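Let me begin by presenting the structure, written as structure tokens, before commenting on it.
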Amino acid sequence: MSQKIFNTRTRTKETFTPIKEGAVGIYVCGITAYDVCHIGHARAAVVFDVVVRYLRSRGYEVTYVKNFTDIDDKIIDRANREGVDFREISERYIQAHDDDMAALGVQTPTVVPKATEHMVEMITLIKNLEEKGYAYSVAGDVYFSIRDFKPYGGLSGRNLEEMMAGARVDVNDKKKNPLDFALWKNSKEGEPFWESPWGKGRPGWHIECSAMSGRYLGETFDIHGGGEDLIFPHHENEIAQSMASTGKPPANYWMHNGFVKINSEKMSKSLGNIFPVQEILKNYHPEILRLFMLQSHYRSPVDYSEESLTEARTALIRGYRTLQLLKEARMQFPAEARQESSGLSEKAESYISRFAKLAEKFDEAMDDDFNTAQALGYVFEMVRLTNNFIVEEKKMPAPEKAAILEEAQKVFDRFGEVLGVFHGDPDSFFMADQETELRKRGLKIDAIEDLVRQRQAARQNKDWSRADELRKELAAMNIVLKDSPAGTTWTVE
RNA sequence: GGCGGCAUAGCCAAGUGGCUAAGGCAGCGGUCUGCAAAACCGUUAUUCCCCGGUUCAAGUCCGGGUGCCGCCUCCA
């Protein structure tokens with residue numbers, strides 16, 4: 001099956017055909033660096049991270065460009081409020097963004113260009129638009145004239161008349177048309193500026209993406225992505241600029257991720273329901289957040305709540321328990337001792353072929369417009385099948401077990417590599433998760449282990465009532481015990 | 001006002017014309033266990049918001065209705 005992508009421009013799922021066989025150029029609108037990243041930024045980042053990971057895993061050579069808007073009104077506002085240079089603000093929040101992304105396991109894009117480092121490209125592009133008659137300058141500002149660009153509205157499915165009818169009164173009377181947008185803004189006294197043919201000023205918001213995508217990916221590239229709120233006006237304007245300049249559409253496929261809602265409401269500063277990534281990661285292992293988001297299709301809205309993260313954590317633990325069982329079993333039955341595939345019994349072959357079938361289904365789901373929710377369904381079926389194997393096939397000859405365990409691990413490695421979930425060492429995961437949970441609940445590891453030791457002693461004396469009492473005491477702290485012949489282990493629920 | 005989306009079990013969530021409607025969480029019964037936990041096995045939607053239509057066949061397509069949401073202004 002071939003890769004399918006839902007293209008916002010046509011509102012249909014289309015077969016993905018890259019411009020250059022075996023290679024993909026993708027541009028995703030990044031953040032404006034004026035504040036820390038919230039869960040909505042995290043979703044966009046994780047969605048496109050998985051898109052890129054999957055395409056790479058299928059053998060495409062992917063050039064992934066994600067920009068930073070490091071000059072903008074909001075950055076200037078913040079710099080003024082804090083009394084610092086705007087660069088200090090943008091650098092601070094770019095660093096914070098990079099830290100958050102690293103924590104979330106989001107791979108660094110191939111190129112991470114900044115607007116301020118591409119002034120030459122932007123000015124050249126604006127000049128070109130002016131020469132071709134698509135732009136006009138007024139008192140140091142330059143505007144794009146949408147009336148002169150006939151296809152305007154093609155991405156968002158609007159036409160000019162509709163928009164004119166619904167347009168609010170624009171206070172900017174320099175514009176010929178209220179829907180015209182700024183390519184270049186004249187700088188006011190004390191604002192940062194760059195020299196240009198129109199005087200001292202700074203670029204408008206949309207132009208940077210046209211300039212940078214063009215520079216790194218060419219006039220037309222494969223995929224352009226971003227949050228669904230960017231469809232209009234940002235991406236519409238990008239298309240207008242690029243097409244007016246080059247005569248070609250900038251991207252063949254437009255992908256937009258859905259929003260993160262909070263209790264079914266839009267996240268917004270006015271509602272005060274912004275959840276910064278840093279805050280969430282204080283209380284939840286990063287993979288919990290990834291799993292939570294990937295359990296829904298990327299175009300659907302997701303509703304964030306503590307409960308849904310807690311559910312995702314339970315599911316994540318389930319998967320990692322299996323990976324832990326698998327790890328232990330593989331130590332017992334190492335790959336070196338495995339049976340050659342030619343000599344496997346029918347039963348062993350049946351396990352391996354079922355693994356392969358799930359891996360195939362996983363790819364089919366991902367091929368179908370990156371359906372991570374469905375793909376995760378197969379991941380969990382793999383979890384069940386692996387558990388089932390480990391529990392049921394105790395008596396299978398060691399070389400066969402080793403062969404099957406090896407295959408199972410390979411399948412999980414692939415899933416983990418694509419989703420960025422279930423990819424780490426299970427013991428490290430449990431340690432990190434435990435640390436987070438203990439910190440969140442204000443529990444001390446020493447106090448817990450002391451109680452566990454006391455209970456161990458009681459158990460050795462077969463003082464079951466004392467042991468149960470201690471179990472209850474620990475349960476009150478959300479500590480769940482697991483007794484095994486090797487001793488007692490505990491987890492935070 | 002214009003444009004667009006969504007409605008599937010107690011909750012979350014895939015599925016967009018045809019095998020038994022994925023998967024996760026929660027619940028229940030069983031195996032295991034000193035008791036538990038985990039894991040495994042079994043079980044939980046005769047039905048996909050409502051009404052009508054197309055079709056041999058619809059959760060899936062069409063028309064109408066109801067409810068919720070997003071964009072049209074900076075926004076992932």
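All values derive from a computational prediction rather than experimental measurement.
Between the P atom of A14(B) and the OH atom of Tyr298(A) lies a distance of 13 Å, rounded to the nearest Å.
Within 4.0 Å of Lys266(A), counting heavy atoms only, lies at least one base atom of the nucleic acid. When heavy atoms are screened at a 4.0 angstrom cut-off, Gly40(A) is found touching base atoms of the nucleic acid. No engagement by Ile39(A) is indicated, since no non-hydrogen atom pair under 4.0 Å with the nucleic acid exists. Nucleic acid contact class of Gln295(A) (heavy atoms, under 4.0 Å, all strands): sugar-phosphate only. Looking at heavy-atom distances under 4.0 Å, Ser308(A) makes no contact with the nucleic acid at all. In this structure, Gly258(A) reaches the bases: a heavy-atom distance under 4.0 Å links it to at least one base atom across the strands shown. Across all strands shown, Phe292(A) has no heavy atoms under 4.0 Å from either base or sugar-phosphate atoms. As judged by a 4.0 angstrom heavy-atom cut-off over every strand, Val28(A) is placed among residues making no nucleic acid contact.
U66(B) is paired with A7(B) under the criterion used here, namely a Watson-Crick or G-U wobble arrangement in which both key atom distances are under 3.5 Å. U31(B) is paired with A39(B) under the criterion used here, namely a Watson-Crick or G-U wobble arrangement in which both key atom distances are under 3.5 Å. Applying the Watson-Crick and G-U wobble criteria (two distances, each under 3.5 Å), C71(B) pairs with G2(B). Taking a pair to require two hydrogen-bonding distances under 3.5 Å in either a Watson-Crick or a G-U wobble arrangement, G18(B) pairs with C56(B). Searching all strands for a Watson-Crick or G-U wobble partner of G23(B) with both distances below 3.5 Å returns C12(B).
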| Using a cut-off of 4.0 Å between protein heavy atoms and nucleotide atoms, how would you tag nucleotides 30-41 of chain B 5' to 3' with B, S and -? | ----BBBBSSSS
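Considering only side-chain N and O atoms, Thr69(A) lies nowhere under 4.0 angstrom from the phosphate OP1 or OP2 of C74(B).
For the residue pair Glu208(A) and Asn67(A), a side-chain donor N or O sits within less than 3.5 Å of a side-chain acceptor on the partner. In summary, the side chains of Asp70(A) and Tyr93(A) do not present any donor paired with an acceptor at a separation below 3.5 Å, with no hydrogens or angles considered.
Candidate nucleotides A13(B), A76(B), C25(B) were compared by shortest atom distance to the side chain of Ala373(A), and A13(B) ranks first. Closest contact between the side chain of Phe232(A) and the listed nucleotides A76(B), A14(B), C72(B) involves C72(B). Checking U16(B), G24(B), C69(B) against the side-chain heavy atoms of Lys261(A) singles out C69(B) as nearest.
Across the C1' atoms, C28(B) and C71(B) are found 45 Å apart, a figure rounded to whole Å. Here, G64(B) and C3(B) have their P atoms 13 Å apart, quoted to the whole Å. Between A57(B) and G1(B), the distance separating the two P atoms is 39 Å to the nearest Å.
Figure legend: cation-pi geometry between Lys440(A) and Tyr284(A), with NZ or CZ positioned under 6.0 Å from the six-membered ring centre and within 45° of its axis.
Between Phe181(A) and Tyr143(A), the ring centre distance reaches or exceeds 6.0 Å. Side-chain rings of His224(A) and Tyr27(A) approach one another, their centers coming within less than 6.0 Å. Ring centers of Phe144(A) and His206(A): at least 6.0 Å apart, outside the cut-off.
Checked by distance alone, Glu311(A) brings a side-chain donor or acceptor within 3.5 Å of a matching partner on the base of G24(B).
Of the candidates Lys13(A), Lys4(A), Arg299(A), Arg299(A) is the only one forming a salt bridge (charged side-chain N to carboxylate O under 4.0 Å, His left out) with Asp369(A).
Ring geometry for His235(A) versus His256(A): interplanar angle of 30 to 60°, hence tilted.
Nearer to the 5' terminus of RNA chain B, by closest-nucleotide assignment, is the contact made by Glu381(A) (compared with the other of His234(A) and Glu381(A)). If Ala375(A) and His41(A) are placed on RNA chain B by their nearest nucleotide, the residue sitting closer to the 5' end is Ala375(A).
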